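Structure first, then comments.
Computed from a predicted model, the values in this text were never measured in an experiment. By convention in this document, chain letters (A, B, ...) are assigned in the order of the sequence lines, proteins followed by strands, and residues within each chain are numbered from 1.
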Amino acid sequence: MLPSNADVARVLGELAVLSEIDEGSPQAFRVRAYQNAQRSIEQQTGEVARMSASQLAGLKGIGRSTADKIREYVDTGSIRKLEELRARHPVGKQELLRVPGLGPKTIGLLDELLGVRDLPSLRAALDDGRIAALPGLGEKTADNLRRAIEQLGLSSKQTRVPLHVAKPLAERLVAALERLDAVEQAAYAGSVRRFRETIGDLDVLVASRDPATVTEAFLGLGEIASVIGSGATKTSVLTSEGVQVDLRVVPPESFGAALLYFTGSRAHNIRLRQRALRRGLTLNEYALARLPEDEQEPAAPHVGEDREADGEADPGADGERDATGDTRRDLEVMAQGTEEEVYAALGLPYIAAELREDDGEIEAAEAGTAPQLVERADLRGDLHDHTDWSGDGRASLEDMVAGAVARGHAYLGLTDHAEDLRINGISRDGMLRQRRLVRELEQERGDIRLLHGAELNIGVDGSLDYDAEFLAGFDWLVASVHSHFTRPVGEQTARVLAAIRHPSVTAIGHLHGRMIGKRPGIELDLDRVLDAAVETGTAIEVNSNLRRLDASAEVIREGARRGVTFVISTDAHAVGELDNLRHGVANARRGGLPRDQVANTWPLERFESWVAAVRGA
DNA sequence: GCCGTTTTCGGCCCGACTGTTTTCAGTCG
Ligand SMILES: Nc1nc2c(ncn2[C@H]2C[C@H](O)[C@@H](COP(=O)(O)OP(=O)(O)OP(=O)(O)O)O2)c(=O)[nH]1
Ligand SMILES: [Mg+2]
Ligand SMILES: [Mg+2]
Ligand SMILES: [Zn+2]
């Protein structure tokens with residue numbers, strides 16, 4: 001069997017790690033090159049193993065040398081260069097690289113001077129004092145390493161935490177910081193703002209004239225358990241749950257540049273900074289600024305010209321280094337207050353935070369081909385909602401409808417669980433009774449269209465609840481997988497295809513049935529599933545539950561490309577959960593989903609005629 | 001190792017914090 005893209009990416013990752021150890025430098029350009037190649041492979045949707053060397057070399061970040069290595073891996077199952085590196089550096093050294101505070105330089109030193117090449121021998125060397133005695137190291141470093149080894153695998157940096165844990169924590173911390181007088185603005189950034197599914201650490205940004213006071217107050221917050229490091233502008237801590245939080249405090253005028261920096265991704269930042277340099281500018285977390293002529297990139301072609309500033313006339317060098325936490329004062333600031341201003345000064349339209357992964361968003365922005373992404377305010381309805389009539393619904397029908405109206409919805413899909421669900425699905429009689437109540441409520445209120453629907457259970461054989469005639473009586477039907485999550489991909493695809501092709505089914509709920517961090521969900525042949533969705537018009541749901549985010553951003557991206565119609569739904573089981581729509585919106589944006597491909601952005605009339613068309617009426 | 005609407009060679013983002021150093025290297029964001 002051909003290696004998967006993930007296999008190829010993993011091999012490139014190991015080449016990067018081993019090269020870092022081999023070269024003894026975190027800045028080694030070969031390391032960066034392998035990392036970029038790895039990211040490039042991870043972003044491919046087609047099968048990399050089927051590509052020729054020249055096709056591979058055409059991918060960005062992959063050249064002749066890496067293309068040949070990938071082919072060598074696909075054809076022979078191994079790579080000579082990788083085997084050589086493995087022979088020189090036992091896996092123990094890769095283990096050492098995962099210890100926080102241990103980098104390639106120190107690992108090289110440990111091997112050379114002490115023969116320490118793995119965790120157990122490092123422990124021994126720490127215990128008998130050999131580490132503290134090494135040149136450039138001391139007692140404190142040894143203590144820090146001991147602690148780091150003890151706590152290996154306990155920090156979120158190593159385990160990562162699901163977004164549904166990280167995001168509420170980030171919101172609590174921001175709210176707490178906003179209450180401080182010294183704080184002018186606070187926001188979470190990093191992977192939470194980009195809406196990644198799992199989070200290594202929280203990154204929280206504050207604008208303030210008084211960073212010391214902010215830092216002190218932050219360290220005093222109840223959720224904070226220990227301090228990793230704390231300086232004038234940057235503090236890192238661990239919560240009692242082991243979640244790392246990085247706090248950055250910047251002057252208010254730099255808030256936009258700092259938010260841009262702290263939101264990342266790292267790769268996106270580097271691309272922007274390279275772009276700045278090509279324009280004679282320099283970008284950091286304080287500002288986009290103009291470089292002096294003699295520091296601009298196309299180095300002056302005079303012979304003997306030297307860009308090095310040390311040794312003489314260092315700008316502002318009157319015996320002290322550039323003050324930390326400030327813009328270089330000798331440079332003309334071009335933009336710093338808002339992210340929009342920085343992008344504009346770089347010749348780019350604003351790029352949505354959810355897209356900033358350097359997987360084509362900068363090129364799309366530059367070309368002006370970035371789609372109008374869906375926003376919360378575009379949504380006119382919610383199409384997957386439960387009441388206390390079924391399952392674990394906790395709110396009455398009346399309260400759910402009132403909650404939907406309060407949130408400005410023009411239509412609401414009531415989709416209680418159908419009879420096949422083990423936990424309290426609704427019988428035919430029950431459904432008919434509920435339908436009468438729904439009709440009455442709609443009449444009485446007159447301020448919202450109520451679609452009487454159900455959430456059907458896709459059986460292991462693709463069958464659905466009730467029968468075809470009964471199903472034809474609903475206004476709106478979501479069909480979801482709630483059981484048998486571990487069948488082979490062929491069976492799972494067949495089940496879902498049967499539901500998509502059913503004439504009465506209007507949407508497929510939480511496509512994979514995954515629970516982030518708990519259950520991977522069913523395997524599907526996405527090609528066939530998405531094609532069938534396009535063919536039948538059946539919508540794919542973007543489930544807004546933070547534990548699900550299903551369809552995933554990756555599936556959404558692929559579906560968006562093929563012209564699939566989506567709906568963004570809360571799957572609310574209580575009134576408060578109707579607010580979860582913002583999470584579905586963020587995930588849809590991460591998938592690059594254009595507003596017009598989301599059916600519940602459409603006015604009621606357009607929405608209903610689309611439903612009628614899907615049901616072949 | 002990659003890459004080029006100036007470059008096929010000579011660059012490669014830029015800054016904060018810690019520990020160790022006497023002027024900065026290493027690691028991390
Ligand atoms: N310019 C630049 N920015 C960086 C670098 N490393 C990190 N950043 C910025 C961009 C990141 O999104 C932001 C926060 O760093 P993190 O290590 O917390 O990464 P991020 O939050 O993206 O992912 P995470 O889920 O925490 O692993 O800091 C870097 O090497 N250069
Ligand atoms: Mg982070
Ligand atoms: Mg961080
Ligand atoms: Zn549901």
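- Distance alone, capped at 3.5 Å, places no donor-acceptor pair between the A:S240 side chain and the A:A225 backbone.
- Looking at heavy-atom distances under 4.0 Å, A:N269 makes no contact with the nucleic acid at all.
- Contacts of A:Y34 with the nucleic acid, taken as non-hydrogen atoms under 4.0 Å apart, involve only primed sugar atoms and P, OP1 or OP2.
- Listed by first and then second residue, the salt bridge (Lys or Arg N to Asp or Glu O under 4.0 Å) pairs that reach into residues 93-104 of chain A are A:K93-A:D111, sequence neighbours excluded.
- A:S19 comes within 4.0 angstrom of no nucleic acid atom, judged by non-hydrogen atoms across all strands.
- Among residues two or more places apart in sequence or in another chain, the side chain to side chain contact (heavy atoms under 4.5 Å, CB included) test is passed with A:S52 by A:S54, A:Q55.
- Shown here are the salt bridge (Lys or Arg N to Asp or Glu O under 4.0 Å) partners of A:E558, two or more places apart in sequence or in another chain: A:R561, A:R562.
- Using a 4.0 Å heavy-atom criterion, one finds that A:N144 contacts the sugar-phosphate atoms exclusively.
- Ion pair A:D7/A:R10 flagged as a salt bridge, since at least one NZ, NE, NH1 or NH2 atom sits closer than 4.0 Å to an Asp/Glu carboxylate oxygen.
- Contacts of A:E139 with the nucleic acid, taken as non-hydrogen atoms under 4.0 Å apart, involve only primed sugar atoms and P, OP1 or OP2.
- Taking every heavy atom of residues 111-138 of chain A and every atom of DNA chain B, pairs under 4.0 Å involve A:G136, A:L137, A:G138, by number.
- For A:E285, the side chain to side chain contact (heavy atoms under 4.5 Å, CB included) criterion is met by A:R248, A:Y261, A:R273, not counting sequence neighbours.
- Phosphate proximity of B:dA16 to A:Y286: present, with a side-chain N or O under 4.0 Å from OP1 or OP2.
- Side-chain atoms of A:R273 and base atoms of B:dC14 include a donor and an acceptor less than 3.5 Å apart.
- Within 4.0 Å of A:Q244, counting heavy atoms only, lie sugar-phosphate atoms of the nucleic acid but no base atom.
- A sub-4.0 Å separation between OP1 or OP2 of B:dC28 and a side-chain N or O of A:K234 is absent.
- Judged by Watson-Crick or G-U wobble contacts below 3.5 Å, the nucleotide B:dG10 has B:dC3 as its partner.
- Contact between the side-chain N/O atoms of A:T233 and the OP1/OP2 oxygens of B:dA16 is not found at any separation under 4.0 Å.
- Across all strands shown, A:S236 has no heavy atoms under 4.0 Å from either base or sugar-phosphate atoms.
- With both ends at atom C1', the span from B:dT20 to B:dG26 equals 11 Å, rounded to whole Å.
- In this structure, B:dT7 is classed as syn because its glycosidic torsion stays within 90° of zero.
- Phosphate contact (OP1/OP2 of B:dT18, side-chain N/O of A:T141, threshold under 4.0 Å): absent.
- Not counting sequence neighbours, A:E216 has no partner by the salt bridge (Lys or Arg N to Asp or Glu O under 4.0 Å) test.
- Residue contacts for A:I62: at a heavy-atom cut-off of 4.0 Å it reaches the sugar-phosphate backbone alone, with no base atom in range.
- For the pair A:E197 and A:R590, the salt-bridge criterion is not met [side-chain N within less than 4.0 Å of a carboxylate O].
- Contact annotation: A:R275 does not reach the phosphate of B:dC13 (side-chain N/O to OP1 or OP2, under 4.0 Å).
- Among the atoms of the strands shown, base atoms are found under 4.0 Å from some heavy atom of A:R266.
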